[in-house]
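Just below is one structure, and these are the notes that go with it.
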Protein chains: 2
Amino acid sequence: MRVTKALADSQRVRILLLLEGGELCVCQIVAVLSLAPSTISKHLSILEDADLIVGRKEGRWAYFRLASGRPGAFTMPIRKWISQALDTDPVILQDRKKLKRVTSCAPAVLRQRQRKAS
Amino acid sequence: MRVTKALADSQRVRILLLLEGGELCVCQIVAVLSLAPSTISKHLSILEDADLIVGRKEGRWAYFRLASGRPGAFTMPIRKWISQALDTDPVILQDRKKLKRVTSCAPAVLRQRQRKAS
DNA sequence: CTGTCATTTCGTTATATGGCGAAATATAGA
DNA sequence: TCTATATTTCGCCATATAACGAAATGACAG
């Protein structure tokens, strides 16, 4: 149930698909989805509780990546399915574009710009 | 999204797993889950909208079965996954037991007994 | 130590969802 | 036609969930 509940929210699915491109910093995810950091943090904890992603702390920064996918792993077919099912979704495509811009500089630089903007 | 939302409720997952044993009448599902017919009906419509099951009417009776699973079908890996993941779940095992009793007589007989009981 | 800053936790609010019973619908049978 | 009956639709209520901002946390920088 934890897994399906975790997948039952579109923002969380967006996060999962973003992470297919590799590990990301929380602030990068915030930048792409344009949601409050507290909201993103909650989503991340739900995904982590479902063992869909794993987090790692490095100083003040927190990084998340997809849970290690041993080919036989439980959640593997699910991830594949989601990936296939939404590969042409306009929101997802947009997210990938935005992610490119966001990851074109280091998280620290990104945050600096975010602070200036507000 | 429709699929994952459909799977994010335990009662609906229970229904899916019941249907693995083959087509069932609504009243049989009601009997196993012990929920109001209106509630079950709603769940069934959500599962049908997600293309996870298909319904069929025969006179006053309505039957539902798992959506035809061409091996390559979209929802196939999901179904497999759920089936594996919950195969030892106590609630699911109990449901299967109850289903056996429920399907030991025709739906019409079942309903007759249900009416007497209330 | 003190301040800054990334993230998380907490409290609140609006909306979504699951449940029921009553009424509506549709069909079989008298 | 009229009644009984299986299912669905509707309206309501209680709870769950997603979102935010504010405050707490933890770590680096001076």
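Below, all heavy atoms of this structure are taken into account, side chains as well, without hydrogens, waters or symmetry copies. Lettering follows sequence order; numbering is per chain, from 1.
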>> Salt bridge check, A:Arg96 against A:Asp87: does any charged N sit closer than 4.0 Å to a carboxylate O?
In response: yes
> Does B:Thr39 place a side-chain N or O at less than 4.0 Å from the phosphate oxygens OP1/OP2 of C:dG18?
Replying inline: no
>> Can you confirm whether A:Asp95 sits close enough to A:Leu17 that some side-chain heavy atom of one is under 4.5 Å from a side-chain heavy atom of the other?
In response: no
> Within less than 4.0 Å of OP1 or OP2 of C:dT7, is there a side-chain N or O belonging to A:Ser41?
Replying inline: no
> Do A:Gln112 and A:Arg115 get their side chains close enough for a donor-acceptor pair, meaning under 3.5 Å?
Replying inline: no
>> I need the CZ-P distance between A:Arg2 and D:dT17, as an integer number of Å.
In response: 13 Å
> Listed in order of residue number, which residues of residues 53-64 of chain B have a non-hydrogen atom at under 4.0 Å from DNA chain C?
Replying inline: B:Gly59, B:Arg60
> Hey, does B:Leu19 have a side-chain heavy atom less than 4.5 Å from the side chain of B:Leu24?
Replying inline: yes
>> Tell me whether the side-chain N or O atoms of B:Ser38 pair up with the base of C:dG21 as donor and acceptor below 3.5 Å, since no angle test is needed here.
In response: yes
> Which parts of residues 98-112 of chain B get close to DNA chain C, meaning a heavy atom less than 4.0 angstrom away?
Replying inline: none
>> Whole angstroms only, please: what is the CG-P distance between A:Leu24 and C:dA6?
In response: 17 Å
> Given D:dT8, C:dG18, D:dC20, which nucleotide is nearest the side-chain atoms of B:Val26?
Replying inline: D:dT8
>> Are the side chains of A:Arg111 and A:Cys25 in contact, using a 4.5 Å heavy-atom criterion?
In response: no
> Should B:Gln114 be listed as having a side-chain N or O under 4.0 Å from OP1 or OP2 of D:dA6?
Replying inline: no
> Want to settle it: does A:Lys42 or B:Cys27 sit nearer the 5' end of DNA chain D, counting the closest nucleotide to each?
Replying inline: B:Cys27
> Is the closest side-chain heavy-atom distance between A:Arg12 and A:Leu7 below 4.5 Å?
Replying inline: no
>> So, OP1 or OP2 of D:dT17: does either fall under 4.0 Å of a side-chain N or O from A:His43?
In response: no
